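All values below were derived from every heavy atom in this structure, side-chain atoms included, with hydrogens, water molecules and symmetry-related copies excluded. Indexing begins at 1, ligand by ligand and atom by atom, following the structure's order. Bear in mind the structure is a predicted one, so any value in this text is a computation, not a measurement.
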Amino acid sequence: MRLHTLMSLLSLRALEAFGQQQWPLHDNGFNKVVQWDHYSYIIKGQRLFVWSGEMHYWRIPVPELWIDVLQKVKAAGFNTVSFYSHWGYHSASEDALDFESGSHDFTKLFDIAKEVGLYVLFRPGPYVNAETSAGGFPGWVTTGGYGTLRNNDSRYTDAWTPFFSTISQIVSEYQITTGGHVFLYQLENEYGNQWRNPIARTPNYPAIDYMERLQSSARENGIDVPLIHNNPNFNTKSWSKDYSNEGGNVDNYALDHYPSCWSCDLSECTGTNGNVPDFTTYDYFSNFQQVAPTQPSFLAEFQGGSYNPWPGPEGGCTNTTGPNWVNVFYRHNIGQKVTSMNVYMIFGGTNWGGLPFPLVGTSYDYSAPITESRTIGDKFQETKLFGQFLRVARDLTKVDRIRNSTNYASTSDIFTTELRNPDTNGAFYVTAHTFSPSTALTTFKLKVSTSVGNLTIPQYNSSIVLNGRESKILVTDFKIGNEKLIYSTAEVLTVSVQGKHPLVFLWLPAGESGEFFLGVARHGKIAKGDAIFGVTFHQVSGGIVVSYTQIEGSAVLEFDNHVRVVLLDRNAAYHTWMPSTSTDPYTPDDSTVVVQGPYLVRSAKVEGNSVKLTGDWSGKTRFEVFVPSSVRSVIFNGKKANVEKTSYGSLVGTLTGSPHTINTIQSKLPTLVNWKVKDGLPERSPDYNDSRWIVADHNSTQNPTVPATYPVLYASDYGFHTGNILWRGRFKSSNQTGVKLSIIGGTSVGWGAYLNGAFIGSWLGSNTVTMGTLELSFANATLKSNSTNVLFIIQDHMGKDQTSGATNARGIYNATLIGGGLFSSWKVAGKAGAETNIDPVRGNINEGGLHAERLGWHLPGFDDSSWESGSLEKNLTSASANFYRTVVSLDIPTGVDLSLGFTLSSPPGSKLRAQLYVNGYMFAKYIPHIGNQVFFPVFPGILDYHGNNTIGLSVWAQSAAGASVSVGWKVVEVVESSFKLGDTSYLRPGWKDRSQYY
Ligand code: GAL
């Protein structure tokens, strides 16, 4: 069979050599709705460059906000959105699956994707990685009782089957084959395990068996779209039908790549990326041609930013994947002949509750184009310039890579890749610095082949410019409606065909000269723009060449063949939007209108002689709308705007400035005072009544790590998988002088110990240590002779490790009394009710075992009237903990979209661990000696903008010096917006009696 594959590849190569390459057209054998070949995906007969962005619904647990994110994804020019699921988010226990409550019902996303016009790549797992606890495995799967996981062990198979079957059934209803928008389904994640030796193609049967089981399960449960898989690197070469006929192959091979490190801590990537980030681009083409030549070259994850580990810089590291990175690296992928790509992440979101794995804290902003606060800036806009070009560069879906070399340009400092569509002869010249990290300003001319002959461009201007970390894709024979651009040295931003006539937007950095050749046209005139553009029309055989210098702003040119060309600088391009009146993800060129000016345009509808636009803006904003000539009025967010028609047919008007600014909103927010306070750690007292706690008495564990002492004190063995874990060990005094404790909590774990109520020491934590070991003396405590002594321990649980580390224990590895004697008993407390008593909407990951959490003090409606009044600034003066509550009423103006959050601060040198709860949701974990995050965005919907909000704060002072934390509001952005949140009260259910979890 393998020989057969090789033979067919050889004969393909031979055909190629004679220039007669015929690539096979594939489908998955179930239907022909989604087909593919060497060039691209073909959906319902139409080729599509799959341009996708990743978001995780479980990191934005307010379903009412999903449309906001998806509209922004669409506005950036994407045609696809990708979602990981998260088994652990949906499954609190072996017997429980929640796909209904709040954000657990992700099917709303499919409806929104359809409404907005995006296809969906769905990635259910069962393992997803994603910097989430245990890579998305539920806590109950990580005990060791289901084996080492991610293989064909029947215990593991039985565990994932209910989840995987159910999710496949749910998704099957939304597939493109039944009228939905889900068109690809990914099995597992970065499971490049098909081979024991990928070069020798030595099969790894347990892995193959696992993939086959997943595949059968997906098919049996109704998935009939292509199955894909994302290889973690070039070497694994797994699951490609072109590479072998071994079992487990999926329909489409794909690759993941993070050329500038997936972490803001660059040292995490030295093993794979070398000396990152050095702005080095990579060769993907060879890998795709070797492993999957008859399939579209698919980067199922391509870097959209980086996660920020605990010690990473506050606010992330956009600088390493900023606008210039987006510009160069995304264009580079075009040169690699990639035609399917998913940006990981387009929107990161928040790692609330127990979502994070140990290396990261509460933010998953990911320095992504759409920030955690849902705002958009230059990185988003640069992504949009690329995405909007892709949208109209239809010929890119079928290109051969003709050549790549330094011979195209007049200097060897410029490397060019020529891609050409064999059917239309349209070509794309991807130009970049030969040395990709170069910051030089390089000028050059370029040799191109066009339908009017071989040319060296520009012909009239002096040169094309690449200013340092910049790349340009220059087009030849580029279709614009029924007309053609023979070439352009400015990049194409978009083409909108209105009333059959094309409107072309070309952009250049201000100050650079541009030149384009418009076929057929004989005459052109400047309809807008002053003389400094230096526009010159050169009549040539076959059309007209226009040379100009781009200055700030825009110019409009009109031609006798009814083509209008708008020339823009980068900033004007950033403020240009192309909403579509169609919900087709393909976004036909004749379905778009072009709007310049506002912060965001979300949608457009043409009704009679009006265009109805929705979007966001803040200050007084001049706007210009390019619409079909029949349209005479503009309705923006439901209000008619005064507009005038320009001589070249667009409509211009002004949106009045919003009365609401960051400052006006910030100054009106209620101050966070009137706190109530209560001891947050009563369990340290020897008299605390732990009769309702779980007895920790197991003498054996299935965990792969054999504990040093017994009973087994691993939290997951007792059903506790998230947050803080509390332990109480009893022993009779026999002259012990101390205790040796080794406690595992994952990187950055912290813990503290008390003997008979007296603090005896704590492990403060470090970013590299997963288990804190200390020998603590009893000298500062009072040992009770002839009666029972109580050792109390509070430990933090930083989430579970990913990949093969998912089963690593959290708990006490070693508890040894120094000086003799044994513990007579142990008890443990974690999340109230362990795997039961799940919060009806917030779900199973929100809480841990803090006293406040067990009793529900963090929830709205808990009665704290008997508590003392306190202030946050009134310090904890010892190693202990407090829980603070306050209720504040918000009355945010309607009609605005406000991005809000909390800042947490403490005196320098503080050793504390704090958690902030907003209407019951744990949205901030603040550990100043471990991490740098001080600002914590909180979504509207978690916050009630028009009512009372319960804010809870747990402060655990890890050292005898005590601690204090200050909390403040921070307004990130406020815009007038069409976006309306709707009723989210169901997301904030109130307190119910939990005294049984005392
Ligand atoms: C990939 C993985 C993702 C995520 C990413 C880094 O390797 O597939 O789930 O972990 O790395 O953010």
Side-chain angles (χ1 to χ4, degrees), residues 52-59 82-89 121-137 149-150 184-193 228-236 238-239 250 253-273 276-277 282 284 298-310 312 316-318 320-321 325 329 341-351 355-361 363-370 372 746-747 799-806:
S52 169
E54 176 90 11
M55 72 160 274
H56 301 149
Y57 56 90
W58 32 278
R59 283 180 160 127
S82 166
F83 309 117
Y84 270 147
S85 184
H86 189 302
W87 179 10
Y89 188 58
L121 157 59
F122 198 76
R123 314 199 296 157
Y127 179 82
V128 296
N129 211 60
E131 290 73 69
T132 189
S133 188
F137 281 144
L149 311 176
R150 304 181 77 194
L184 293 174
Y185 201 69
Q186 179 182 302
L187 302 180
E188 249 281 350
N189 187 78
E190 293 197 335
Y191 188 69
N193 295 19
I228 71 155
H229 186 76
N230 58 335
N231 277 257
N233 55 55
F234 304 133
N235 304 327
T236 50
S238 289
W239 320 116
V250 289
Y253 168 89
L255 202 58
D256 290 356
H257 205 240
Y258 293 80
S260 190
C261 191
W262 52 85
S263 165
C264 288
D265 173 5
L266 307 177
S267 66
E268 282 181 43
C269 299
T270 44
T272 44
N273 284 44
V276 287
Y282 288 75
Y284 309 117
F298 190 173
L299 288 167
E301 282 177 31
F302 189 77
Q303 181 152 26
S306 305
Y307 68 75
N308 200 4
W310 278 106
C317 60
T318 318
T320 56
T321 56
W325 190 92
F329 281 75
M341 177 172 149
N342 176 36
V343 172
Y344 188 103
M345 306 287 299
I346 183 67
F347 167 78
T350 300
N351 267 337
L355 276 182
F357 89 135
L359 291 188
V360 297
S363 174
Y364 202 69
D365 176 79
Y366 215 84
S367 299
I370 305 171
E372 184 176 350
T747 326
K800 287 226 159 181
D801 301 313
Q802 295 187 136
T803 61
S804 56

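A distance limit of 4.0 angstrom between heavy atoms and ligand 1 selects the residues Tyr84, Val128, Asn129, Ala130, Glu131, Asn189, Glu190, Asp256, Tyr258, Trp262, Glu301, Tyr307, Tyr344, Tyr364, Tyr366.
Taking the charged nitrogens against the carboxylate oxygens, Glu131 and Arg59 have no contact shorter than 4.0 Å, which rules out a salt bridge.
His56 pairs in a ring pair (Phe, Tyr, Trp, His ring centres under 6.0 Å) with only one of the listed residues (Tyr366, Tyr344, Phe83), which is Tyr344.
Looking at Tyr307 and Ser363, their side chains never bring a donor and an acceptor atom within 3.5 Å of each other.
Side-chain atoms of Asn231 never come within 3.5 Å of backbone atoms of Leu255 as a donor-acceptor pair (strictly under, hydrogens ignored).
Considering all non-hydrogen atoms of both residues, Met345 and Pro369 come closest at O-CD, 3.4 Å.
The aromatic rings of Tyr282 and Tyr284 sit parallel, their planes meeting at an angle under 30°, below the 60° perpendicular limit.
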